[in-house]
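Following: one structure in structure tokens, then a few remarks.
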Amino acid sequence: MIQVDLLVIGSGAGGLSAAVTAAHLGLKVLVLEKEAQYGGTTAWSGGWMWIPRNPLAVAAGLVEDIDKPLSYLKHELGDRFDEARANAFLAAGPRMVEFFRNKTALQFIDGNAIPDFHGNTPDAALGGRSICAAPFDGRRLGKKLAQLKPPLPETTLWGMGIASGAELRHFLNALRKPASFLHVSKRVLAHFRDVLLYQRGMRLVNGNALVAALAASAFEAGVEIRTNSPARQLLIEQGRVVGAVIGSEKGDIEVRARCGVVLACGGFPFDVARKKDLLPHAPTGHEHWSAASRGNTGDGLRLGESAGGVVNRDLVQAAALAPVSLVPQAQGGQAHFPHLIERGKPGLIAVTARGQRFTNEANSYYDFMCDLLKATPAGEPVQAWLLCDHAFIRYYGLGAVKPAPLPLSAMLKNGYLKRAPTWSGLAQLCGIAPDALQTTVRHYNQQALVGKDQDFAKGETPYNRMQGDVWAGHLNPCMAPLGKGPYYAVKVVAGSLGTFAGLKVNACAQVLDEQAHPVAGLYAGGNDMSSLMGGRYPSGGITLGPAMTFGFIAAHHAAGINL
């Protein structure tokens, strides 16, 4: 038997935030991870967190009263707005950031120029509400770096993570601008040096940096992270959760947790039964392809229900929807690639099999998918095609296809990428109505020449323009005519970055039963906690921001300390 103060099940941002905070509050903490590597979906993510009024924004002079982000959430969430949890999140978020900045290895970079998704909603911000984990030196983890889940290979270059923003622009311009070529050359050489010395890159960015910094902070605070350790069942005595039974190579082990258990197992993106139940577009549970970690199979939700917890079914969407393409793997199977970046760039359109646009391609991944679901007739597969010309794909890439000078041949050979010299030929390859597609392209090009999307208003919000390319010199940073062939297409299908429908909790992250009473000794975090956003997606980072913050809140409550 093992005795601890706090048991955390899951090693993503929500679980590690709770673990690190609790350790600094004087608790003995054990973190369990059922996979061989820690980090979960967070390690594959962009690492951005939505934290209004954060200290980095304040230091830059972007000061706002709490009523502003609260108003934005009220307008965005409508009848799913949970005032108690929203107030708790907005009040504790800045304190969480300050704690990690001052007490741990985790540091941040600002997102002061990143706007909220919906610029036309009252009290949407042009920036100052986002932060990201700063790049992290993996050598600080020592031998424990080997257990950190690496970034999703399809989002890297030779295994090297590329930070969004300025660094990504350098990589896109490496063959065009001397300064960018120099930056990229240094990064690539340093990466291969690290691979030779350490078998992987040491400059970690995005979500990989977030997990690495949290893990380093946990280890340095005396927290143990046990991998290959699935939680079998919760221990419940006199109505209180007092620990769990965990699996190990030597058999099951009982863990007693004096202050409670935190469930942070990543939701249910690979739980077929739960997807069938909660995702209408996945009637068998197999028609949804998530970009989340494949170890996220709903364990936390089942454990919570076994103790009397309730999964929230009253959400606008049960998943954090995003378009995903299926990338064939050399060893068999498919990787699930999330399309987050290229859709807003000038010179790309998305169409259904009918050859018609259905959305503003520069809108958020969530909004893109919501529009695709609406455009898909009942009984038909949820899918669309991203289309571009030769100049676009060689400059920006397309999905998992990298830009020049990397070759296209492998992706053409495995069928992921379709290519034809004419739009009619491409339509035939993809099963798109050819006449309608040619009409759509012709109409779109006419609009692009004047920089005005009369159909879907592409490029008319701050978020759209940030997703575009203001350096390309077009009238609209999100629009350019699709020019000379050959032409290219990648199919996207219904997917997500994770799930929203988790256990109902209160403002202290305590799991609630059917009577809305707290289940003593049980907390939920990350995607095991029902989304604060009620199944909507008002801004980037609304998963990791609340995950980090409510982990911080849960640790204080478990320790008996008021925030």
Side-chain angles (χ1 to χ4, degrees), residues 7-19 30-45 47 144 146-155 207-208 210-212 214-215 218 224-234 244-249 252 261-275 278-279 285-286 288-305 311 318-320 322 324 326-327 329 331-338 495-503 524-529 543-544 547 551:
L7 176 63
V8 178
I9 305 175
S11 63
L16 291 179
S17 173
L30 173 62
V31 176
L32 303 179
E33 171 55 57
K34 76 173 184 180
E35 295 193 86
Q37 295 172 308
Y38 59 81
T41 299
T42 304
W44 285 355
S45 73
K144 291 184 171 64
Q147 291 179 298
L148 169 67
K149 179 179 286 190
L152 187 68
E154 288 71 25
T155 64
N208 218 236
L210 177 57
V211 170
L214 285 169
E224 180 185 1
I225 300 177
R226 288 196 177 196
T227 55
N228 295 308
S229 299
R232 306 287 194 205
Q233 67 180 75
L234 295 178
V245 175
I246 67 173
S248 76
E249 293 179 353
D252 288 352
V261 174
V262 178
L263 301 173
C265 306
F268 66 94
F270 287 90
D271 180 344
V272 173
R274 190 84 67 174
K275 287 192 294 180
L278 294 177
L279 301 178
H286 293 283
H288 183 91
W289 291 266
S290 180
S293 173
R294 300 193 183 216
N296 297 352
T297 55
D299 300 341
L301 274 59
R302 289 189 294 274
L303 289 169
E305 288 173 324
V311 173
V324 165
L326 306 179
V327 189
Q329 301 292 281
Q331 67 274 21
Q334 297 171 319
H336 300 172
F337 183 93
S496 65
L497 303 181
T499 51
F500 282 155
L503 296 161
N527 286 347
D528 280 355
M529 172 183 72
T543 297
L544 288 179

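What you see below is based on every heavy atom in this structure, not just the backbone, and it leaves out hydrogens, waters and symmetry mates. Along the sequence shown, the residues carry numbers beginning at 1.
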Walk me through it: do Lys149 and Val211 pass the test side chain to side chain contact (heavy atoms under 4.5 Å, CB included)? CA-CA 9 Å; Lys149 179 179 286 190; Val211 170; over 6 Å; no
Starting at [atom1] of [X], measure out to [atom2] of [Y] and round the result to the nearest 0.5 Å.
X	Y	atom1	atom2	result
Met529	Phe500	CE	CZ	11.0 Å
Thr499	Phe270	OG1	CZ	10.5 Å
Trp44	His336	CH2	NE2	9.5 Å
Leu544	Leu210	CG	CG	6.5 Å
Glu33	Cys265	CD	SG	8.5 Å
Leu503	Leu301	CG	CG	4.5 Å

Just jot down the side chain to side chain contact (heavy atoms under 4.5 Å, CB included) partners of Pro338, sequence neighbours excluded, or say none.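 Side chain to side chain contact (heavy atoms under 4.5 Å, CB included) list for Pro338, sorted by chain: Leu152, Ala291, Leu340, Leu497.
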So, using side chain to side chain contact (heavy atoms under 4.5 Å, CB included) as the criterion, who are the partners of Glu224 when residues are at least two apart? Leu30, Arg226
Shortest non-hydrogen contact between [X] and [Y], atoms and distance:
X	Y	result
Gly266	Asn296	O-ND2, 3.4 Å
Asn228	Ala36	OD1-CA, 3.4 Å
Gly498	Ser290	N-OG, 4.0 Å
Leu303	Ala231	CD1-CB, 3.9 Å
Ala547	Gly526	CB-CA, 3.9 Å
Gly40	Ser293	C-CB, 3.9 Å

Determine, stepwise, if the pair Phe268 / Asn527 fulfils side chain to side chain contact (heavy atoms under 4.5 Å, CB included). CA-CA 8 Å; Phe268 66 94; Asn527 286 347; over 6 Å; no
Should we count CD of Gln331 as having more than 12 external heavy atoms under 6.0 Å? yes
Could you point out which residue of Val261, Val8, Ile9 forms a side-chain contact (heavy atoms from CB on, under 4.5 Å) with Leu32? Ile9
If the test is side-chain contact (heavy atoms from CB on, under 4.5 Å), which one of Leu279, Asp271, Leu278 qualifies with Lys275? Leu279
Take Ile225 and Leu16 through the side chain to side chain contact (heavy atoms under 4.5 Å, CB included) test and state the conclusion after the steps. CA-CA 9 Å; Ile225 300 177; Leu16 291 179; 3.9 Å; yes
Under 3.5 Å, is there a donor on one side chain and an acceptor on the other for Thr297 and Lys34? yes
Mind checking side chain to side chain donor-acceptor pair (under 3.5 Å) for Thr227 and listing every partner two or more places apart, or none if nothing turns up?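 Checked Thr227 against side chain to side chain donor-acceptor pair (under 3.5 Å); matches are Gln147.
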Walk me through whether Phe337 and Val324 qualify under side chain to side chain contact (heavy atoms under 4.5 Å, CB included). CA-CA 5 Å; Phe337 183 93; Val324 165; 5.6 Å; no
